[in-house]
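We use all heavy atoms of the structure for the numbers below, so side chains are in, but hydrogens, waters and symmetry mates are not. Note that the structure is predicted; figures quoted are calculated from it, not measured. Every chain is numbered from 1, with letters handed out A, B, ... down the list of sequences.
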2 protein chains.
Amino acid sequence: MAIFSKTCEYAMRAVFYVAQRSHEGYKVGIKEIAGHINSPEPFLAKILQQLSRDGVILSTKGPNGGFYFDAASLNRPLADVVTAVDGDDIFTGCGLGLTYCSESNPCPLHEEFKKVRNQLTHMLHTTTIGKFNLGLIKGKFTLNK
Amino acid sequence: MAIFSKTCEYAMRAVFYVAQRSHEGYKVGIKEIAGHINSPEPFLAKILQQLSRDGVILSTKGPNGGFYFDAASLNRPLADVVTAVDGDDIFTGCGLGLTYCSESNPCPLHEEFKKVRNQLTHMLHTTTIGKFNLGLIKGKFTLNK
DNA sequence: ATGATAAAAGACAAAAATATCTTTTATTGA
DNA sequence: TCAATAAAAGATATTTTTGTCTTTTATCAT
Ligand code: FES
Ligand code: FES
């Protein structure tokens with residue numbers, strides 16, 4: 001078990017890749033994305049459809065169509081992607097799986113778990129979708145394998 | 001999607017409950033545990049069997065039998081429970097799901113994700129199974145619902 | 001020894017996550 | 001208008017997680 005679901009991992013990888021290509025001025029088809037982030041193509045298509053419905057990513061059909069981001073979207077936090085595909089359990093849920101995480105009726109891990117959760121939340125809110133465009137273009141980061 | 005799997009959540013809740021009862025001098029049957037941590041009884045049985053096989057929890061069959069911890073086991077880190085049921089992906093895995101998390105070929109999130117992962121690891125290694133015994137007996141913490 | 005108790009083990013079932021395939025709709029360019 | 005392109009949508013399939021049930025084995029008390 002990893003921290004994020006497969007769905008969420010693919011979503012984040014795809015978003016970073018599309019952001020980079022948008023920065024370079026291109027729209028990207030599902031095939032190209034799947035190839036570059038090493039994900040099953042039809043499954044990824046479903047994930048991007050979801051992100052598109054939620055308005056996180058933009059898309060157009062037809063020749064020269066594909067997925068892309070505009071300037072405003074590039075500034076959205078990665079947290080929006082996570083929420084769209086996995087909901088907000090990861091931001092608010094109890095570490096031991098209690099129905100509600102609360103200060104007044106906490107589980108034993110509450111105080112320490114809250115710190116971890118807050119740091120994760122902070123990371124996902126301060127990381128924008130376009131944050132790694134230059135690094136990706138320079139080849140500093142990898143998104144496949 | 002929460003951070004831990006259901007299996008792992010039940011395992012941690014069960015372990016804390018059994019630890020408390022061991023501290024009070026009792027062994028606990030699966031029925032009592034399931035009732036107090038609000039988990040499906042047969043499913044929890046499977047989880048505890050796994051922990052028992054891995055030597056994380058102790059058990060004896062027969063009348064007055066049940067699950068329990070000895071003093072040494074009470075000092076083991078909660079991380080051992082997580083590893084036994086979920087493996088160590090959560091301690092070492094890449095946040096974006098790459099096959100290997102590495103410094104030399106990092107994903108974009110690597111630097112920040114590492115911090116989150118390290119804090120989680122630190123929490124699970126410094127929290128012993130018996131750490132909350134007194135708090136639980138005093139009713140400071142909840143393990144059900 | 002014997003019967004009662006309680007975990008261990010194994011087979012099975014349901015639900016959710018992951019993955020695939022086919023058809024439809026929108027867009028483009030000729 | 002028409003053919004080509006590419007995402008959207010819907011139906012279906014597989015795998016993993018989650019959950020249940022039955023039988024077996026070990027232990028205890030009598
Ligand atoms: S109550 Fe469990 S993390 Fe807050
Ligand atoms: S490579 Fe992704 S977290 Fe280290």
Integer-rounded Å distance: [N] [atom2] and [X] [atom1]:
X       : N      : atom1 : atom2 : answer
A:Lys31 : D:dT5  : NZ    : C1'   : 12 Å
A:Ile47 : C:dA19 : CD1   : C1'   : 10 Å
B:Gln49 : D:dA26 : CD    : C1'   : 13 Å
A:Leu51 : D:dA8  : CG    : C1'   : 14 Å
A:Lys27 : D:dA6  : NZ    : C1'   : 12 Å
B:Ile57 : C:dA8  : CD1   : C1'   : 14 Å
A:Ile30 : C:dT25 : CD1   : P     : 21 Å
B:Tyr68 : C:dA7  : OH    : P     : 12 Å

Protein-nucleotides 16-20 of chain D N/O pairs under 3.5 Å:
unit_1	atom_1	unit_2	atom_2	d
D:dT18	OP1	B:Lys6	N	3.2
D:dT18	OP2	B:Thr7	OG1	2.8

Kindly say if [X] contacts the phosphate of [N], meaning a side-chain N or O under 4.0 Å from OP1 or OP2.
X       : N      : result
B:Asn64 : D:dA29 : yes
B:Ser52 : C:dA8  : yes
B:Ser59 : C:dA8  : yes

Problem set entry | Modelled atom types, side-chain donor and acceptor of A:Asp70 and A:Ser73, under 3.5 Å | yes
Under a 3.5 Å distance rule, please check whether [X] uses its side chain to pair with a backbone N or O of [Y] as donor and acceptor.
X        : Y        : answer
A:Arg117 : A:Thr92  : yes
A:Arg13  : A:Ile37  : yes
A:Asn133 : A:Gly130 : yes

Problem set entry | Sugar-phosphate only, base, or nothing, as touched by B:Val28 at under 4.0 Å among non-hydrogen atoms | sugar-phosphate
Seminar exercise, completed: side-chain contact (heavy atoms from CB on, under 4.5 Å) test vs B:Cys8 passes for just one of B:Ile90, B:Ile3, B:Ile47, B:Val82, namely B:Val82
For this session: Name the closest nucleotide to the B:Lys61 side chain, picking from C:dT27, D:dT25, C:dT5.
Result: D:dT25
Exercise. Which comes earlier along DNA chain C counting from the 5' end, the contact point of B:Phe67 or that of A:Thr60, where each point is its nearest nucleotide?
Worked result: B:Phe67
Exercise. Taking the six-membered ring for Trp, are A:His125 and A:Phe91 parallel (under 30°), tilted (30 to 60°) or perpendicular (over 60°)?
Worked result: tilted
Exercise. How long is the span from the CD atom in B:Gln20 to the NE2 atom in B:His23, to the nearest 0.5 Å?
Worked result: 9.0 Å
